[in-house]
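Structure, as structure tokens:
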There are 2 protein chains.
Amino acid sequence: MAEVPDRPLRADARRNREKVLRAAQEAFAEHGMGVPLDEIAGRAGVGPGTVYRHFPTKEALFEAVVAARMQDLITAARAGAHAADPGEAFFGFLALLADEAGVKRDLSDALVAPPAVATSLRTDLRAALEVLLTRAQQAGAVRDGIRVDDLFALLKGLMAALVETADDARDRLIAVVVDGLRAPR
Amino acid sequence: MAEVPDRPLRADARRNREKVLRAAQEAFAEHGMGVPLDEIAGRAGVGPGTVYRHFPTKEALFEAVVAARMQDLITAARAGAHAADPGEAFFGFLALLADEAGVKRDLSDALVAPPAVATSLRTDLRAALEVLLTRAQQAGAVRDGIRVDDLFALLKGLMAALVETADDARDRLIAVVVDGLRAPR
DNA sequence: AACGATACGGAACGCACGCCCCGGTTGGCA
DNA sequence: TGCCAACCGGGGCGTGCGTTCCGTATCGTT
């Protein structure tokens with residue numbers, strides 16, 4: 001996915017690319033995908049033109065920033081695919097996701113964004129989540145009837161709820177959703 | 001809130017005002033507050049200038065559209081304030097809200113919008129919700145520890161989750177949140 | 001040291017949108 | 001019917017933002 005250039009980048013180009021990525025990471029995390037690109041360029045101490053030399057579009061930059069974190073989530077989800085306690089694995093993943101989302105707006109934007117953004121990443125995450133969910137359901141830890149798409153919608157909502165919410169309230173909100181997902185007694 | 005003009009409106013003005021309101025209602029319900037004002041004007045068969053003759057700002061138009069529905073919610077919430085079964089009243093209100101929100105984007109936008117929008121309506125809704133929530137908690141139908149602000153955040157999230165979600169999935173999502181709100185055990 | 005390729009910066013463009021203005025039109029009253 | 005105020009329409013302004021262009025600076029090689 002990440003193309004390796006035919007010839008190595010010039011030293012300053014490589015440096016600037018890094019600066020842009022770092023600045024974008026901060027800016028996206030704080031304000032979501034809505035940040036003006038000029039602000040990102042400004043934080044990086046670079047002109048807008050330079051940003052576009054490295055990333056063809058704002059969306060591409062966003063994906064580049066989110067990709068790593070998204071990949072981490074996917075890895076975490078896959079890691080739980082064979083856990084001894086499927087319920088724990090499932091809810092542990094939820095907690096992880098919620099933790100990230102509470103502070104980083106970019107991640108929640110990545111899930112809420114139009115389907116064209118980060119498509120392959122979302123597909124992978126979906127697949128990994130499906131395993132987690134199915135196993136948790138078979139183990140009786142999560143109620144039946146819930147589908148992966150339901151889960152995505154739920155996560156989308158949870159993200160929206162967590163954005164700009166006080167830390168102490170976050171745990172309560174997460175608890176509500178988690179307990180709602182548990183199999184009825 | 002809605003000023004009654006010193007002198008009655010001219011016939012065509014009155015007619016156009018109605019047309020604008022109807023068009024705005026449709027447009028806001030479909031696409032949320034993000035619709036271009038020109039589109040609303042277009043649907044109403046009217047120029048943008050005419051819209052601004054009747055509503056000083058786009059926000060004002062939005063509030064005018066949402067006010068009625070919001071008022072209904074507030075009324076419904078207040079109606080449940082003395083219900084025999086506080087739990088039923090609380091969850092019934094939630095169902096009502098979710099029903100509206102699933103189809104009408106405007107309502108959810110009204111809750112998610114910056115606090116400056118529809119402030120007094122939100123304050124009233126908040127107050128009415130507080131009664132519902134507290135009584136439901138005292139009756140043991142809703143878990144303790146949940147605050148009104150938590151509820152608002154939760155509703156905000158639920159709205160986000162319900163937007164652009166298939167009808168059959170909606171019930172499942174609502175069920176998750178509702179069961180999560182129920183008192184444990 | 002010098003030259004060509006590479007990359008930089010920021011001014012400028014196009015577009016979308018909220019909002020305003022003004023020449024023309026229409027409704028209601030005498 | 002004729003007049004005046006009220007009202008309409010849409011062109012236009014200002015702004016913010018994504019994206020592009022190009023003259024200039026910098027790198028890396030000979």
Side-chain angles (χ1 to χ4, degrees), chain A residues 3-24 26-28 30-66 105-106 109 113-114 116-118, chain B residues 3-24 27-28 30-66 105-106 109-110 113-114 116-118:
Chain A
E3 315 96 22
V4 43
D6 303 1
R7 275 185 301 168
L9 289 169
R10 229 170 63 177
D12 54 345
R14 179 153 211 71
R15 225 177 310 137
N16 276 327
R17 191 175 203 282
E18 255 6 86
K19 285 200 291 183
V20 167
L21 270 175
R22 261 192 294 276
E26 282 178 29
F28 281 139
E30 286 175 29
H31 312 303
M33 207 169 36
V35 280
L37 197 138
D38 286 23
E39 157 129 8
I40 296 177
R43 290 203 196 195
V46 155
T50 301
V51 177
Y52 279 94
R53 173 165 315 278
H54 294 290
F55 303 93
T57 189
K58 189 187 176 183
E59 256 186 20
L61 174 58
F62 182 73
E63 291 206 20
V65 165
V66 167
R105 271 204 71 181
D106 53 356
D109 272 17
V117 181
Chain B
E3 315 95 23
V4 43
D6 303 1
R7 275 185 303 167
L9 288 170
R10 229 170 64 175
D12 54 343
R14 179 153 211 70
R15 225 177 310 139
N16 276 328
R17 190 175 204 283
E18 264 353 277
K19 284 200 292 182
V20 168
L21 269 175
R22 262 193 294 275
F28 281 140
E30 285 175 28
H31 312 302
M33 207 170 35
V35 280
L37 197 137
D38 287 25
E39 158 129 7
I40 296 177
R43 290 203 196 193
V46 153
T50 302
V51 177
Y52 280 96
R53 172 165 316 278
H54 294 290
F55 303 94
T57 190
K58 189 187 176 185
E59 258 186 19
L61 174 58
F62 181 73
E63 292 205 20
V65 165
V66 168
R105 271 204 69 182
D106 53 357
D109 272 17
V117 181

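Proteins get letters first, then strands, A, B, ... in listed order; numbering begins at 1 in each. Because only heavy atoms are used, hydrogens play no part in the values below, and waters and symmetry mates are left out as well, while side chains stay in.
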Open item on the list: Quick check: closest heavy atoms across A:Ala23 and A:Ile40, and the distance to 0.1 Å?
Closed with: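 Closest approach of A:Ala23 to A:Ile40: CB-O, 3.7 Å.
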Task: Residue pairs involving residues 34-49 of chain A (criterion salt bridge (charged side-chain N to carboxylate O under 4.0 Å, His left out); sequence neighbours excluded) - done: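 Applying salt bridge (charged side-chain N to carboxylate O under 4.0 Å, His left out) to every pair that reaches into residues 34-49 of chain A, excluding sequence neighbours, yields A:Glu26-A:Arg43, A:Glu30-A:Arg43, A:Glu39-A:Arg43.
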Show every donor-acceptor pair shorter than 3.5 Å between a side-chain atom in residues 51-60 of chain A and any protein atom, with sequence neighbours excluded, or say none if there are none.
residue : atom : partner : partner atom : Å
A:Lys58 : NZ   : A:Met33 : O            : 2.9
A:Lys58 : NZ   : A:Val35 : O            : 2.8

For [N], does either OP1 or OP2 sit under 4.0 Å from a side-chain N or O belonging to [X]?
X: B:Asn16; N: D:dC7; result: no
X: A:His54; N: C:dA7; result: no
X: B:Thr57; N: C:dC19; result: yes

Open item on the list: Across nucleotides 24-30 of chain D, 5' to 3', mark each nucleotide with B, S or - according to how protein heavy atoms within less than 4.0 Å reach it.
Closed with: --BSS--
Open item on the list: Please report the interatomic distance CG(A:Asp109) to CZ(A:Phe28), rounded to the nearest 0.5 Å.
Closed with: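 The distance works out to 9.0 Å.
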Task: Between CZ on residue B:Arg10 and CG on residue B:Asn16, distance to nearest 0.5 Å - done: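 The CG atom of B:Asn16 is 10.0 Å from CZ of B:Arg10, to the nearest 0.5 Å.
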TODO: Please list residues of residues 33-43 of chain B whose heavy atoms come under 4.0 Å from any atom in DNA chain C, ordered by number; otherwise none.
DONE: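 Contacting residues: B:Val35, B:Pro36, B:Leu37.
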Task: Verdict with supporting geometry, B:Glu18 and B:Arg22, side chain to side chain contact (heavy atoms under 4.5 Å, CB included) - done: CA-CA 6 Å; B:Glu18 264 353 277; B:Arg22 262 193 294 275; 3.9 Å; yes
TODO: Quick one: list whatever passes side chain to side chain contact (heavy atoms under 4.5 Å, CB included) with A:Arg14, sequence neighbours left out.
DONE: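 With sequence neighbours excluded, A:Arg14 shows a side chain to side chain contact (heavy atoms under 4.5 Å, CB included) to A:Leu9, given in chain and number order.
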Task: Distance, rounded to the nearest Å, where B:Phe55 contributes CZ and C:dG18 contributes C1' - done: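 So the CZ-C1' distance, B:Phe55 to C:dG18, works out to 16 Å.
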TODO: Take atom CZ of B:Phe62 and atom P of C:dG18, then tell me their distance rounded to the nearest Å.
DONE: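 Those two atoms, CZ and P, are 13 Å apart.
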Task: Validation row: A:Val117, A:Val66 side chains within 4.5 angstrom (heavy atoms) - done: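 A side-chain contact is absent here, since even the closest heavy-atom pair is not under 4.5 Å.
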Open item on the list: Using a 4.0 Å cut-off on heavy atoms, which residues in residues 46-53 of chain B reach DNA chain D? List them by number, or say none.
Closed with: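 Correct list: B:Val46, B:Gly47, B:Pro48, B:Gly49, B:Thr50, B:Arg53.
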